[in-house]
Amino acid sequence: MLFSLCLFLHLYFSIGVLLLQWCDERLNFQATFLQCLAKHVPNIYSAEMDPLLEKQEEMVQAAILYPLECYLFGEDPGIFLEKLQQSGTSQLCGKVFKGGEATYSCRDCAVDPTCVLCMDCFQNSIHKNHRYKMHSSTGGGFCDCGDTEAWKAGPLCTKHEPGASGSAKEVRILRVFPSVIKYIVDMLIWEEEKELPPELTTREKIDSYYCVLFNDEHHSYDHVIYSLQRALGCERSEAQLHTTAIDKERHSENISQRPLHVEVLHADVTAHQKFALRLGSWLNKLMSYSRARKVLHELIFSSFFMEMEYKKLFAVEFVKYYKALQKEYINDDHDRVLSVTALSVQMFTVPTLARHLIEEQSVITTIAETLLEVLPEYLDKNGKFNFQDYSQDKMNRVYAIIYDLRYVLVSKPTLWTDRLRERFLDGFVSFLRILACMQGMEEIKREIGQHVEVDPDWEAAIAIQMQLKNILLMFQEWCACDEELLLRAYKECHKAVMRCSTNGRSREKTVFHLCGHTLESRPYRVSADPVSIHLPLSRTLAGLHVRLSKTGAISRLHEFVSPLLVDYPLRCLVLIAQVAAEMWRRNGLSLISQVFYYQDVKCREEMYDKDIIMLQIGASLMDPNQFLLLVLQRYELADAFKKIKPTKNQDLIKQCNVLIEEMLQILIYVVGERYVPGVSNVTKEDLIMREIIHLLCIEPMAHSAITKSLPENENNETGLESVIDKVATFKKPGVSGHGVYELKDECLKEFNMFFYHYTKTQHSKVSTVRFTLKALPPPPPPDFSPAFSNVVRILNCDVMMHILRTILQRAVELEIHLWTEAMIQMVWLTLCCQLKNLMPVVRMHEGGQNALIFWCSLLPDFFVVFYCKTQSSQDKEKAERKRKAEAARLHRQKIMAQMSALQKNFIETHKLLMSSAIDYSRIALGPKRGPSVAEKEVLTCILCQEEQEVKLESAAMVLSACVQKSTALTQNRSRIIELSGDPLFMHPDLPCGTHTGSCGHVMHAACWQKYFEAMQLNFRQRLHVEQIFDLENGEYLCPLCKSLCNTVIPIVPLQTEIILAFFCRVKYSSSIKEMLILFATTIYRVGLKVAPNEADHRIPMMTWSTCAFTIQCIEKNTYQMHNCYLYFVVLLPNFKAEDTPSLLEVDMFHVLVGVVLSFPSLYWEDAVDLQPSSISSAYNHLYLFHLTTLAHITQIVISSATGRGVFVLNYSDIFILFLKNYGLSDVPGWLVWDCVKKGIMPYLRSAALFFHYLLGVSPPEELLQGKYEKLSVLVFASIFIILIIVLLHLPRYPRKRNSLIELPEDYSCLLNQASQFRCPRSYDDEQKHPVLCLFCGAMLCSQNTCCQELVDGEELGACTSHALQCGAGLFFPLRIRECKVVLIEGKTRGCLYPAPYLDEYGETDPGLKRGNPLHLCWERYRKLHLLWQQHCIIEEIARSQETNQIFFGFNWQLL
């Protein structure tokens, strides 16, 4: 690490010497400057163990920085900066990005994806109306506004248009800048632990030292805390504070056994090093330790990189030390953003600078040689890479070198010079040496006897192949820019391939005879000899050959394509076929994975596709019979087509059939797959359209899914947008899901069942989904280009005729099983679809007439086989359709009978509801109360499927339910939530209530108890269960819908006598009593967060409270308004009673529920079994309702009119008081009525719901339909005397409807807001992980120790501690950088949820990986709001964790 820093500083100052010709006066300034530092710095930073940061900053400003600024500017710093700001802005923006800040890249105008704009420049540029991408910066880099080489158009925003530049104090800058930088550099690389440089030693040396612990990337956060606890003997909290200061946010999760880096430094050395970092932040406004490197990066950005001349000089020096810097970085332990090597992207992506470095510094050669020099331990004895037991950390650092090569090649030159051509060719040859080490690397051999015990490492080789894919394409594109260069590059690549091909084992050639033709080749069998899928040299040669064909320069090529060039790609294809035939089962999953990536979109462009092209090259240049003999020999099918009696071994027959199918498929690809520029006269757009058509033939797909299925170019573009509207139509999404593209009908004619990019799964799926498409003939392919026109000769050669005739003859001879229907389909394709391609060739070649006669002679055999197979298949399909039709008819009859029975039952049961003759059926209160609709309830248990009628004396039946705390109705989130207080009274703000919900699934109580006990026995052994649900607290998943539950609700039949005698001795069955007690104690336990106690007097009150709160939530979710509470003791106040709350301090609806349910207790005595009559109960309910309603109107009037909380008992006094004070006699009555109606309606609707479910009286239609006028008649005329009082202020009732916070329509606004967020408990300037609380809008610092709090003796993260207060343990913040919502419940549960922001294709973008502009979807946000209001967060978390276990083990409490 120190060596790397020294190299960097040497590099920096070698540029500085060229840039700054320091004058003699500088020496005087430097001496004065150092004397000042020597005098003040040790005194300012003398108390490092317990520093007073504000005092230190004041002393630094007064003693050092302010005088330095005055000297630098020649006047007051504030005045100078104001003048400088008014004088005009620079043409270059140069804003350095912080982590998490929004960056924008224009897809239309950016030269490459690394060209980005800051938000201000983007909003003031022409690019905001273009296609752009938006990302969250990881930190480092700067805005490219003003850089003309970064943009094809619009390089300047309106803020940075050319203007007058102010006159700077250049002489003083030349004096100050070098001296300050030299001091910073000297102190950051100072190695003496006890001494300072002589010029900084002015006072007597004091005997004071510090033990300094350095940050690294090897030890975990917890490991450092543990080590400090042991070493210092301190508490964990103190060790955590020290660790936070050391870590400064960045820490590694890797565990290392190496010791921590600790040094003992003199106090003066520590002071100057501390001030050196502060001085760096003075120059670049940056703080942090790994600060030393970052400060220097910022200095380079703000100095050299702002001027092209200096940037060029710096780049030259950078390339000189490139190898040493990269080697030091690979052996370092810090992130790349802290390494000087990260600056390469700022230089290599500048087109003119890249050309200069290629011509003058041979940068391509340097990078290629560096890549070879850092991987010597992975070369085997044959000079091939072998990445077994590789280090993932080292490979990740090696990839940085590959990125640099990509940066250099990102922009192709338009003008070639001889020197540029020679230097590029030298670099290409050096790169070929890397490919030579990869050619044939990590060979594998088929396991025959025993299954492989340990899968070999394969990931590194495939990963390097992925990293090199675009680089290989860019090299080919560079070569194609110049015809002379292309020919020379082809020859060099051909030499390299031939060298690798002849280095193999020497064997005697064997002779293969078939149809009068002979092939001499060296013996090789894929099933017995080593084989490798890594052939980058051969595939690069194929790419160059195609580009020679495209440019027409192939006519100048005289090299003969040897069978060796075709042999190695053919071996790969044979390997794929044998894996499909299950011949390599004993080689484990590593081979399966390699085969997958070989054909996957991430690699296939430079692997599978190039192998097909190489076979096409061989077919065009080799004798067709020789080519097919080579194919037969490599597929090991020579005996299968030699009239040899086949074996009876079914496994071998199956293998042989699969190999023949795979071989025929490859031959079809060789002849028919021509959608490659250079192979035929097609464009890149034609290729993309064909890919999209065949993807959409499978199923409609989202934009992101199509993008992932298409290969990306060097600019990470697929070309999808330019062609998608030609072949598909977009279908917008609904509230859930995403938008999809559907294929246009006119594009179905382009469908080809034998499309070569279909996987086995896709081919099977398209055969099922698009069954009718199987009958469509494949579309005619485009004509081959002249260089590939001879490929079609293989269709009329003797060997091809023999292969096809043999397959058809075996199909006719039914006793032979060496054929399949797939083979017949491929033969049909060859016969019918390729004849049109053969006709011109037939005329051109001798023997063409005989070939045509042969093709026609095969048709009778084919049609015999096809007719037999088709007839048999049609008979089976006809019988199956008949059977299904009969089954469907019987099913429809059964459904219709059931519907008829249900209709009759409904009409019979609900006669009263369907009759309009009864006028009072819907009155719930008073002597004219309507009849209760008591139905016979027969329910089915979801566990045992047995039916049971609900009776008091029967065993209990229960509903699965969940009890949870809720702040969904709160009117004041700043109010402190008290869980263990008196539950009798609820404050009108509804700060926190207890909600009970049920999924509605019914079980026998006994069945539920058995189910719960079985879960306890079965799931305690599984580690993840306790994170899904807590068995100890009674949690379980509903057996049917998997909703999270923690209790059950006993089902009690609706009986008026029971309601009237609520507190009397009713004879319940023991089972119902047990379930009632369980339900009530669960509400008590969850609502008050206490241990269960059946004797606690608060249990009934908690039960009434949850009843009232749940009804209010139901009413609110249905009608989107609010309600109130009311308690009996408040309605009849006693001034002598203590602790009686004011009328304005309780919620009236809670009081109504409590009063109605507790009023029968007044009739009960121990010695007398007294029960109220039905008439008495009816009047009681009516009078209680009148009383509570009048009290609630009083609340509305008092709290709304004055806001002073005046409590008056006499309502006439209220009337006189208001008339006297406000003169309200002339207020119109309609205004009074409207204001009070708005306040009273939520209460009335909640009361109607309550009495409907309590008494069983049918609800009025007005309640169901949302018409409220008739409901108001329930309030007697005497109550409305008060309604003439006007509301002078905004009404307190009805309460405002709770909703989630307002989010900006454009997501970039949130990103910008997050980039400006600074942790309130952190002193550095670094970005954290900001999250936005959607309940209250607070911005929190997530997943950082700086904001952890100690709650009840347990450390909680900022989100978890905020959730306890803001959401009673429930919380769903928006993680702004990742564009994800996190659902959190308590301290142990959580899951991810899609953010309500969608791109123009109706898709979310988790992690901002695609970068499309995002806009708020109101429907999705509404859905998120309902998830909260309907108390479904816990249920969503449980279901998510049940299906997706990726977050098990995540420490949610520290979030």
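Sequence positions, counted from 1, serve as the residue numbers for this chain.
Rounded to the nearest 0.5 Å, atoms CD1 (Ile1437) and CD1 (Ile1384) are 8.0 Å apart. Atom CD1 in Ile1049 sits 7.5 Å away from atom CD1 in Ile1083 (nearest 0.5 Å). Here the straight-line distance linking atom CG of Leu1037 with atom SG of Cys1045 works out to 7.5 Å at 0.5 Å rounding. The distance from the SG atom of Cys1432 to the CG atom of Leu1383 is 11.0 Å, given to the nearest 0.5 Å. In this structure, the separation between NE2 on His1425 and CG on Leu1427 is 10.5 Å, given to the nearest 0.5 Å. Atoms CD and CD, from Gln1430 and Glu1436 in turn, are 12.0 Å apart once rounded to the nearest 0.5 Å.
With sequence neighbours left out, the side-chain hydrogen bond (donor to acceptor under 3.5 Å, both in side chains) criterion links Gln964 to no other residue. Taking Pro1406 as the reference, Lys1380, Thr1404 meet the side-chain contact (heavy atoms from CB on, under 4.5 Å) condition, with sequence neighbours excluded. Take Val1048 and apply the side-chain contact (heavy atoms from CB on, under 4.5 Å) test, not counting sequence neighbours, and it matches Val958, Trp1008, Tyr1036, Met1075, Leu1078. Tyr1084 pairs by the ring pair (Phe, Tyr, Trp, His ring centres under 6.0 Å) definition with nothing, not counting sequence neighbours. Evaluation of the side-chain hydrogen bond (donor to acceptor under 3.5 Å, both in side chains) rule for Gln1313 yields no partner, not counting sequence neighbours. For the side-chain contact (heavy atoms from CB on, under 4.5 Å) test, residues two or more places apart in sequence or in another chain that qualify with Ile1301 are Leu1303, Leu1332, Leu1334, Tyr1421. Legend: residues meeting side-chain hydrogen bond (donor to acceptor under 3.5 Å, both in side chains) with Gln1009, ordered by chain and number and at least two apart, are Glu1074.
Across every non-hydrogen atom of Cys1007 and Leu943, the tightest pair is O-CD1, 3.5 Å. When all heavy atoms of Ala1395 and Val1381 are compared, the pair lying nearest together is CA-CG2, 3.9 Å. The minimum heavy-atom distance linking Thr1047 with Phe1079 is given by the pair OG1-CA, 3.7 Å. When all heavy atoms are compared, the tightest approach of Leu1076 to Pro1050 is CD2-CG, 3.4 Å. Nearest heavy atoms, Ile1072 versus Leu952: CD1-O, 3.5 Å.
Between Phe1372 and Phe1335, the angle of the ring planes goes over 60°, which puts this pair in the perpendicular group of the 30/60° scheme.
Tyr1397 places a side-chain heavy atom less than 4.5 Å from the side chain of Leu1310. When side chains are defined from C-beta on, Ile1051 counts as touching Leu939, because their heavy atoms get closer than 4.5 Å. Between Lys965 and Thr994 there is a side-chain heavy-atom pair separated by less than 4.5 Å. Here the side chains of Tyr1307 and Leu1416 are not in contact, with every heavy-atom distance at 4.5 Å or above.
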Practice item. Evaluate side-chain contact (heavy atoms from CB on, under 4.5 Å) for Val1382 paired with Leu1392, printing each intermediate quantity in order. Key: CA-CA 5 Å; Val1382 184; Leu1392 295 179; 3.8 Å; yes
Distance-only donor-acceptor hits, side chain of residues 996-1005, under 3.5 Å, sequence neighbours excluded:
unit_1: Thr996; atom_1: OG1; unit_2: Thr1106; atom_2: OG1; d: 3.0
unit_1: Ser998; atom_1: OG; unit_2: Ser960; atom_2: O; d: 2.6
unit_1: Ser998; atom_1: OG; unit_2: Gly1000; atom_2: N; d: 3.0
unit_1: His1004; atom_1: NE2; unit_2: Gln948; atom_2: OE1; d: 3.1

